[in-house]
Amino acid sequence: MSLEQQITTLAKAAVKDLYNIDASDAQIQLQKTRPEFEGNITMVVFPFVKMARKAPAQIATEIGEWMLNNQMANGQIVNKFNAVQGFLNLTISDAFWVEQLQDIDADDFYGRFKCPNGKCETDQMLMMVEYSSPNTNKPLHLGHVRNNLLGYSIAKIQEANGWKVIKTNIVNDRGIHICKSMLAWLKYGNGETPESSGKKGDHLIGDYYVRFDKEYKAQIAEMMAAGKDEETAKREAPLMLEAQEMLRKWEAGDPEVRALWQKMNGWVYAGFDETYKRMGVSFDKIYYESNTYLEGKSEVEKGLASGQFYRREDGSVWADLTKDGLDEKLLLRSDGTSVYMTQDIGTAKLRFRDYPIDKMVYVVGNEQEYHFKVLSILLDRLGFPFGKELVHFSYGMVELPNGKMKSREGTVVDADDLMDKMIADAKEISKDKVNTLQGITEQEADEIARKVGLGALKYFILKVDPRKNMLFNPAESIDFNGNTGPFIQYTYARIQSVLRKADKNLALNGVEQLPLDPKERALIQRLLEYPATVRAAGDDFSPALICNYAYALACDFNSFYHDLSILNEPDARKKALRLLLAKTVAKVLNRAMELLGIEMPERM
RNA sequence: GGUCCGGUAGCUCAGCUGGAUAGAGCAACAGCCUUCUAAGCUGUGGGUCUCGGGUUCGAAUCCCGACCGGAUCACCA
């Protein structure tokens, strides 16, 4: 039983006995005691003021005294108390803290849960998490980086919360945008390949996507100069017509178009694989739009037949969502080709056919909230029971100082470039560390720089509330000091350094009798908060909570480390206890960072 | 215009299921390495929590209304 649970039980018994109040767990408000007061944990007694009809300070005192006199059978937990107005500050006995520390050390599953929300089904509950979902017409940028890191981290966090998680990716490998790069490559590429150009495949294709946009805009300008209005020019520009023609050919299975598509997508995948691998993200199952859109089409046809959808005169198919307070939504174009929504319907169907999914989570930007609202309704109408239940994990955009990133306009922060930069910066900083990094090979130094550089990047992104938009200023480099990934990694590396030098066989006999230093106590109390943090991060889908926790734990440790010596402590039992404390902090830090996909270096 | 999200220190962000004097980091300034890794520690300065009402023992937090910023409402994805 956790400390909070034990205090809650005690407090409930106290108010029952003293005032005959049957309090619920929620009415027992506990919080950490503020540092300016004596004590470790504080009970807020205001909720009982009315019913007890006494002054807050008196109630607090009475409950405190009751607790001292009536502790549970399993030993003395509350040692002392003081009452300040309606706040009952409880001091917990040192023996209790030490026992708790030993329990954490012995628990291989500390901070992991067997089942979600305490509800265990016969089979493990299965959550599918979709993230990344790239288009194969351009390389990954900073927006994708946020998506990938969030998706991966959320999968890890949910696993720790007891879910079986399938990480999945839907690759948008077909459609008009793909045809645009293909067309531009055919027209202007002169047969350029990744090999001939030395470019990464995804970057090569991205260049042609940008090229298409440039030429297309030139055509529009030309047509407008010749007297056409903008709408007409956009619609009738030869390049756009050609791209649309190519899409029709693709859907018709034209061998030449398909062969080109295969070849160019192959280049992109090779590029993506490299980026994913470096970023440290992975997938258990990948779906391709080219394999799912037909399924979606046939579902739309079924919906048409059953009267859920309707066809307009021009042949296009629509869903009327006005009853749900939304608009009418296009599902098939007048030329019969499918849209984004169509493929998502097909993908959902296939996924639920492939896996016994209990919860489907889409990690997709908040700009697509409308899309997922509609998808949920459409799936429901088509008779899929999971339609209503799907979760759109809607995260905020990454913005640059002058606004949103736009691939077509080239105002993006490229994922590969950014990782290069971070690792190079980490390498540069480590050059000053001649003392701690002496004697290591160049290869080891590179590996440390990789972990630290990526750690800085990942933490930078994951520490902000995922629902909020965040700002990235390319002109300012990402920090390696302060509330950062490297700070956590550094704390861990420090501990490892101490542990390497320590005698491994120090006895812990009788450590329960040791009086603790306040810094030691604070550290143990912090360690005890970890499981609840994992729960909260799972409930809220928020890796940021893990970041905040890891930062607080590292701060507590560094303060402890600064004030108290571990290896030079003369008292053998104290030394053993501090080593245990350090070891446990390292274990929990490492475990927390695993949930973020951040690797820990043994030295740095 | 409808819907949704946000507004906290110069900057980037915590805190938001209501609790004690609103916190970090960066930037600025001042200290701490012959002793376990100074990517660290300690301190100083910096705030009308956008504004106005309301709810109550108590509001940055909940409710209502303004103002400002963003997203979205495509035969784009």
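A note on names: the letters A, B, ... follow the listed sequences, proteins ahead of strands, and every chain is numbered from 1.
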**Q** Whole Å only: how far is the CE atom of Met600(A) from the C1' atom of rU37(B)?
**A**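 Interatomic distance, CE of Met600(A) to C1' of rU37(B): 15 Å.
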**Q** Might you list the N or O atoms of the protein lying below 3.5 Å from N or O atoms in nucleotides 12-15 of chain B, with each pair's distance?
**A**
residue: rC13(B); atom: OP1; partner: Leu471(A); partner atom: N; Å: 2.7
residue: rA14(B); atom: OP1; partner: Asp465(A); partner atom: N; Å: 2.6
residue: rA14(B); atom: OP2; partner: Lys468(A); partner atom: NZ; Å: 3.2
residue: rA14(B); atom: O2'; partner: Asn548(A); partner atom: ND2; Å: 3.3

**Q** Restricting to side-chain contact (heavy atoms from CB on, under 4.5 Å), what partner residues turn up for Gln496(A), sequence neighbours left out?
**A**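 Tyr492(A), Leu499(A), Arg500(A), Ala586(A), Glu602(A).
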**Q** Thinking salt bridges, do Arg467(A) and Asp465(A) make one under a 4.0 Å N-O criterion?
**A** yes
**Q** So how far is it from Asn89(A) CG to Ile41(A) CD1, rounded to the nearest 0.5 Å?
**A** 10.5 Å
**Q** With a 4.0 Å cut-off on heavy atoms, is Gln29(A) in touch with a base, just the backbone sugar-phosphate, or nothing at all?
**A** base
**Q** By nearest atom, which of the nucleotides rA77(B), rA39(B), rU37(B) is closest to the Phe480(A) side chain?
**A**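 From the listed options, rA39(B) comes nearest.
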**Q** Indicate, with a heavy-atom threshold strictly under 4.0 Å, whether Val49(A) touches base, sugar-phosphate, or nothing.
**A** nothing
**Q** Nearest to the side chain of Gln31(A), which nucleotide is it out of rA39(B), rC73(B), rG19(B)?
**A**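 Out of rA39(B), rC73(B), rG19(B), the nucleotide with an atom closest to Gln31(A)'s side chain is rG19(B).
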**Q** Could you walk me through whether Lys217(A) and Asp213(A) pass salt bridge (charged side-chain N to carboxylate O under 4.0 Å, His left out), step by step?
**A** CA-CA 6 Å; Lys217(A) 283 198 171 126; Asp213(A) 198 59; 3.0 Å; yes
**Q** Would you check if Tyr561(A) stacks with the base of rC36(B), given a 5.5 Å centroid limit and a 30° plane limit, both strict?
**A** yes
**Q** Could you list all N or O pairs between the protein and nucleotides 21-24 of chain B that sit under 3.5 Å apart?
**A**
residue: rA24(B); atom: O2'; partner: Tyr551(A); partner atom: OH; Å: 3.0

**Q** Quick check for you: to the nearest 0.5 Å, what is the distance between Met604(A) atom CE and Ser430(A) atom OG?
**A** 9.0 Å
**Q** Anti or syn, where syn is a glycosidic angle within 90° of 0; which label fits rC13(B)?
**A**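 Base orientation: anti.
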**Q** Restricting to non-hydrogen atoms, name the atom on Thr533(A) and the atom on Leu545(A) that form the minimum distance, rounded to 0.1 Å.
**A** CG2-O, 3.6 Å
**Q** What integer distance in Å separates Leu580(A):CG from rC36(B):C1'?
**A**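 Going from Leu580(A) (CG) to rC36(B) (C1'), I get 17 Å.
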**Q** Starting at CD of Glu602(A) and ending at P of rU37(B), how long is that distance when rounded to a whole Å?
**A**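 Roughly 14 Å, once rounded to whole Å.
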**Q** Counting distance alone, no hydrogens or angles: does the base of rA20(B) have a donor or acceptor under 3.5 Å from a partner atom on the side chain of Asn89(A)?
**A**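 Such a pair exists between side chain and base.
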**Q** Assess, by modelled atom type and distance only, whether the side chains of Asp344(A) and His371(A) contain a donor and an acceptor separated by less than 3.5 Å.
**A**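 Side-chain D/A pair, Asp344(A) to His371(A): present.
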**Q** For Gln85(A) and rA20(B), what is the distance between atoms CD and P respectively, to the nearest whole Å?
**A**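 Between P of rA20(B) and CD of Gln85(A): 10 Å.
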**Q** Could you measure the distance from the OH atom of Tyr19(A) to the CD1 atom of Ile59(A)? Nearest 0.5 Å is fine.
**A** 5.0 Å
**Q** Are Tyr209(A) and Phe212(A) near enough that their ring centres are under 6.0 Å apart?
**A** no
**Q** Apply side-chain contact (heavy atoms from CB on, under 4.5 Å) to Arg34(A) and list each qualifying residue two or more places apart in sequence or on a separate chain.
**A** Glu36(A), Phe37(A)
**Q** Once pairs are restricted to Watson-Crick or G-U wobble with both distances under 3.5 Å, how does RNA chain B read as a dot-bracket string, [ ] for crossings and | for other-strand pairs?
**A** (((((((..((((.....[...)))).(((((.......))))).....(((((..]....))))))))))))....
**Q** Side-chain N or O of Arg494(A) versus OP1/OP2 of rA38(B): is the shortest distance under 4.0 Å?
**A**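 For Arg494(A), the contact criterion (side-chain N or O under 4.0 Å from OP1 or OP2 of rA38(B)) is met.
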**Q** Atom CG of Asp563(A) and atom P of rA38(B): how far apart are they, to the nearest Å?
**A** 14 Å
**Q** Any chance you could measure Tyr459(A), atom OH, to Ile478(A), atom CD1, to the nearest 0.5 Å?
**A**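 Between atom OH of Tyr459(A) and atom CD1 of Ile478(A) there are 13.0 Å.
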**Q** Please give, in whole Å, the distance from rC76(B) C1' to His177(A) NE2?
**A** 9 Å
**Q** Under 5.5 Å between ring centres and under 30° between planes: does that hold for Phe87(A) against the base of rA20(B)?
**A** yes
**Q** Scan Glu428(A) against the nucleic acid and name what it touches under 4.0 Å (heavy atoms): base, sugar-phosphate only, or nothing.
**A** nothing
**Q** Starting at CG of Leu564(A) and ending at C1' of rG40(B), how long is that distance when rounded to a whole Å?
**A** 15 Å
**Q** Which pair of heavy atoms, one from Ala23(A) and one from Ile28(A), lies closest together, and at what distance?
**A** CB-CD1, 4.1 Å
**Q** Let me know the distance between CD1 of Ile41(A) and P of rG19(B), rounded to the nearest Å.
**A**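 To the nearest whole Å, that distance equals 16 Å.
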**Q** Return yes if a side-chain donor-acceptor contact under 3.5 Å exists between Thr337(A) and Glu251(A), otherwise no.
**A**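 Not at all, the side chains of Thr337(A) and Glu251(A) share no donor-acceptor pair under 3.5 Å.
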**Q** Should Arg333(A) be listed as having a side-chain N or O under 4.0 Å from OP1 or OP2 of rA77(B)?
**A** yes
**Q** Name the pairs: protein N/O against N/O of nucleotides 29-31 of chain B, kept only if under 3.5 Å.
**A**
none

**Q** Indicate whether OP1 or OP2 belonging to rU72(B) is found under 4.0 Å from a side-chain N or O atom of Tyr370(A).
**A**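 For rU72(B), neither OP1 nor OP2 has a side-chain N or O of Tyr370(A) closer than 4.0 Å.
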**Q** Out of rC26(B), rG19(B), rU3(B), which has the shortest distance to the side chain of Lys373(A)?
**A** rU3(B)
**Q** May I ask you to say what Ile176(A) touches in the nucleic acid, namely base, sugar-phosphate or nothing, with a heavy-atom cut-off under 4.0 Å?
**A**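 It contacts sugar-phosphate atoms only.
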**Q** Flag the pair Glu444(A) and Arg603(A) as a salt bridge only when some basic side-chain nitrogen lies within less than 4.0 angstrom of an acidic carboxylate oxygen.
**A**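 Result for this pair is no, no salt bridge flagged.
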**Q** Check this for me: does the side-chain of Thr42(A) come within 3.5 Å of the base of rA20(B) through a donor and an acceptor?
**A**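 Such a pair exists between side chain and base.
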**Q** Tell me whether Glu231(A) is salt-bridged to Lys234(A), with the criterion being a basic N under 4.0 Å from an acidic carboxylate O.
**A**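 No, Glu231(A) and Lys234(A) are not salt-bridged.
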**Q** When all nucleic acid strands are considered with a 4.0 Å heavy-atom cut-off, which category describes Leu579(A): base, sugar-phosphate, or nothing?
**A**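 Nothing, no nucleic acid heavy atom in range.
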**Q** Identify which nucleotide among rC57(B), rA20(B), rG70(B) has an atom closest to any side-chain atom of Lys50(A), counting heavy atoms from C-beta outward.
**A**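 Taking heavy atoms from C-beta onward, the closest nucleotide is rC57(B).
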**Q** Where the side chain of Phe46(A) is concerned, which of rC57(B), rA39(B), rA20(B) is the nearest nucleotide?
**A**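 The nucleotide sitting nearest to the side chain is rC57(B).
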**Q** A cation-pi test, strictly: NZ or CZ of Arg174(A) under 6.0 Å from the centre of the six-membered ring of Tyr293(A) and no more than 45 degrees from its axis. Yes or no?
**A** yes
**Q** Before accepting this row, confirm whether a basic side-chain N of the pair Asp446(A)/Lys427(A) lies closer than 4.0 Å to the acidic partner's carboxylate O.
**A**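 Judged by the 4.0 Å cut-off on N to carboxylate O distance, Asp446(A) and Lys427(A) do form a salt bridge.
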**Q** Which part of the nucleic acid does Arg603(A) contact within heavy-atom distance under 4.0 Å: base, sugar-phosphate only, or nothing?
**A**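 Base contact.
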**Q** Go through rG70(B), rA77(B), rC36(B) for me and flag the one nearest to the Tyr340(A) side chain.
**A**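 Of the candidates, rA77(B) comes closest.
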**Q** Within less than 4.0 Å of OP1 or OP2 of rU37(B), is there a side-chain N or O belonging to Thr436(A)?
**A** no
**Q** Looking at every strand, decide which applies to Asn435(A) at a 4.0 Å heavy-atom threshold: base, sugar-phosphate, or nothing.
**A** nothing
**Q** In whole Å, measure the gap between the C1' atoms of rC49(B) and rG18(B) for me.
**A**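 After rounding to an integer number of Å, I get 15 Å for this pair.
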**Q** More 5' along RNA chain B: Phe487(A) or Glu369(A), using each one's nearest nucleotide?
**A** Glu369(A)
